[in-house]
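Below is one structure; the comments refer to it alone.
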2 protein chains.
Amino acid sequence: MSSKVTMTDVAKEAGVSKSTVSRILNGNYGQNTEKTVHKVLKVIDDMDYRPNALAKGLKGMKTNVIGIILSNLQNPFWIKVLEGVEDTCRSKGYSLMICNSNEEADIEEEHIKQFQMRQVDGIIINPTIKNLNLYDQLKKDRLPFISINRKIYGLEFDTVVVDNVSGGKLAVTHLIKLGNKKIAIFLYPTEGISPRIERLAGYKEALKDYGIDSDPELIVIAKETPGSIREKVKQLLLSQKRPDAILSTNNMMTLEILEGIKDLGLTVPDDISLIGYDETVWSKHLNPPLTTVNQPSYEMGQLAAERLISLIESNDSVDEEMKTISLEPNLIIRESCGFKEGVNIN
Amino acid sequence: MSSKVTMTDVAKEAGVSKSTVSRILNGNYGQNTEKTVHKVLKVIDDMDYRPNALAKGLKGMKTNVIGIILSNLQNPFWIKVLEGVEDTCRSKGYSLMICNSNEEADIEEEHIKQFQMRQVDGIIINPTIKNLNLYDQLKKDRLPFISINRKIYGLEFDTVVVDNVSGGKLAVTHLIKLGNKKIAIFLYPTEGISPRIERLAGYKEALKDYGIDSDPELIVIAKETPGSIREKVKQLLLSQKRPDAILSTNNMMTLEILEGIKDLGLTVPDDISLIGYDETVWSKHLNPPLTTVNQPSYEMGQLAAERLISLIESNDSVDEEMKTISLEPNLIIRESCGFKEGVNIN
DNA sequence: TTGAAAGCGCTAACAC
DNA sequence: GTGTTAGCGCTTTCAA
């Protein structure tokens, strides 16, 4: 029966008006006879009535749905973020629409428009940074909107990020303290994407702090196409400039770097040290167990959702200030940088 | 401007009626003057009008939203499934609401009810198997519904699964051919969950085929609480019954088994062989590279979505037959079962 | 070819 | 305390 039961049916069955049912449903019983409340509640239960959220949303201009657009589901980092978002949303009574832009501007645009048509109450997005005017439009439309993980330079948005300068610096400092001097960093093309830019900045800062000159040839940019990293690793390791340590700035990249090293018959950490960005379930099971820069991903998702919901629910006459929340990463030290004796690790 | 523009506004601006706008929007131009069509289309574009999906859904009884409930986001297997579902949905014009039951009956129930209230057009679910009457109710409500990955014994549902008997058998047969006789299998509590039951069945079948007696002590059931598997591995390997090979039936479980083995200072495959269930990005990077049972997860998602959409769009007077789609797993052979000489594999 | 009007299921004044 | 009524933005007969 349930699926077709409407409020009118309930009202009829209980011998009251729709308004009464509506009030009781929404917890405004202050005003109702206990008897009425009881009766209506019973009918609702008996008929297994479930309010139609579309109708409610249409009328009330609130859907309790939040849209989230990620750029890559394969990376476990995002799954953790997602869990943080999901838990928070569920506990606050919001449902989630999840989409994947795959870093493509068109798809991102399509999803954003879908969200608007579906009247979501707010959007969380790891922006491709390729739809600047669209993000701006969102703001003009006063649709609550949070950029997660990436900063949108030049535009003022609510943002939740991890401090990537700090992350890069943490890793490189660790390598330097272990006695490494020729440290390479691998990156995907920066293209205005803040984590990439900032991790590189952190790398440079750390070198500078220790008076090491940054060598452009040790800054390796590779496309995200499969195999491209592996090739570059081999090239670099066979060149004059062979580094004694590598900082990888992405999960999947790290696995490819490992392959490249293996291809050459070299060993981590004996022949070369390696630090990965993002802790994963498998980090400690690699050969050797990997030292990683860990980002508080779950927390990031949580904070983004909380912030968004607060934006949504704030009386918008109050018009909250833009806010950037920045979290700190930390280093998880394992064996991939070796244990060099006589070196004082802090 | 966009966010508040309604069809009435467009109609007014274009000097036509709402009906006309509606028709044009929905591609029923057959009947309209090219001039009108042009004019309206231009206004729509100029005003950046986006139809309100709620209103449309309310009226039309179709939302083009599909709900999917998974039980565990951490497992990359599900992410692949999700990608298959997402790609298919997007290409067919459906949006996705994704939820996570965490194997908990209450949460599952809550999500299903949410979906119904939100008038989703159909549901894909990896069922906890703990809400049998709810699944049944769905059927009675004639809400298109697909069970993915798990069979719901005793109830007739549309289902997309991978053949798990075959998967278990494949793995064990491989181990036997490599000369292993004492083969253990690790499982989470079966609790009516078909993949677990069937993988065990496949294990037994393979043993039987080769005239090996199945030893109950080599069938290890462990809770899903962290560390529980690791403990059991150690117990088993220190016991009289120490096996020469282990079949793990889950991704995360495999990592824990590896830890247990490492704790004892033993080596794979020299001291013990290991096969993992589900191929992942990291399988080939473990030490040693892991032989796995690979499931066509992306395809599974794809098929489930296609089937669901076909159910949704089928004129339901036709009332399609229930259907169970079963896919075949395959073995990816690496080094974790050793290369024993003189043994004919295959 | 186009418009008028009714109604999808709900909420929220306003009246009684 | 409870009912009446007027929409929310759209689709869809039915008429013109």
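The chains referred to below are lettered A, B, ... by the order of the sequence lines, with proteins before strands, and numbering in each begins at 1. From a predicted model like this one, the values you see are computed outputs, not experimental measurements.
Scanning for ring-ring contact (aromatic ring centres under 6.0 Å, His included) contacts around Tyr135(A) gives an empty result, with sequence neighbours left out. Partners of Lys59(B) according to the salt bridge (charged side-chain N to carboxylate O under 4.0 Å, His left out) rule, which considers only residues two or more places apart in sequence or in another chain, do not exist here. Not a single side-chain contact (heavy atoms from CB on, under 4.5 Å) links Ser91(B) to another residue, sequence neighbours left out. Residues passing the salt bridge (charged side-chain N to carboxylate O under 4.0 Å, His left out) test with Glu104(A), sequence neighbours excluded: none. With sequence neighbours left out, Ser147(B) forms a side chain to side chain donor-acceptor pair (under 3.5 Å) with no residue at all.
Summary for the helix from dT1(C)-dA16(D) to dC16(C)-dG1(D): the axes at its two ends, each from 5 pairs, differ by 40° when rounded to the nearest 10 degrees.
Listed by first and then second residue, the salt bridge (Lys or Arg N to Asp or Glu O under 4.0 Å) pairs involving residues 74-99 of chain B are Glu110(A)-Arg90(B) (not counting sequence neighbours). Every pair tested for salt bridge (Lys or Arg N to Asp or Glu O under 4.0 Å) that includes a residue from residues 64-75 of chain A fails, sequence neighbours excluded, so the list is empty.
Counting to the nearest Å, the P atom of dG9(C) and the CZ atom of Arg118(B) are 18 Å from each other. In this structure, Gln119(A) places its CD atom 15 Å from C1' of dC10(C), rounding to the nearest Å. Atom CD1 of Ile24(A) is separated from atom P of dG1(D) by 13 Å (rounded to the nearest Å).
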Within the 4.0 Å limit for protein heavy atoms, which parts of nucleotides 8-16 of chain D are touched? Write it as a string from 5' to 3', B for base, S for sugar-phosphate only, - for none.
BBBBBB---
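Taking a 6.0 Å sphere around CD of Glu224(B), one finds it holds more than 12 heavy atoms contributed by other residues, nucleotides or ligands.
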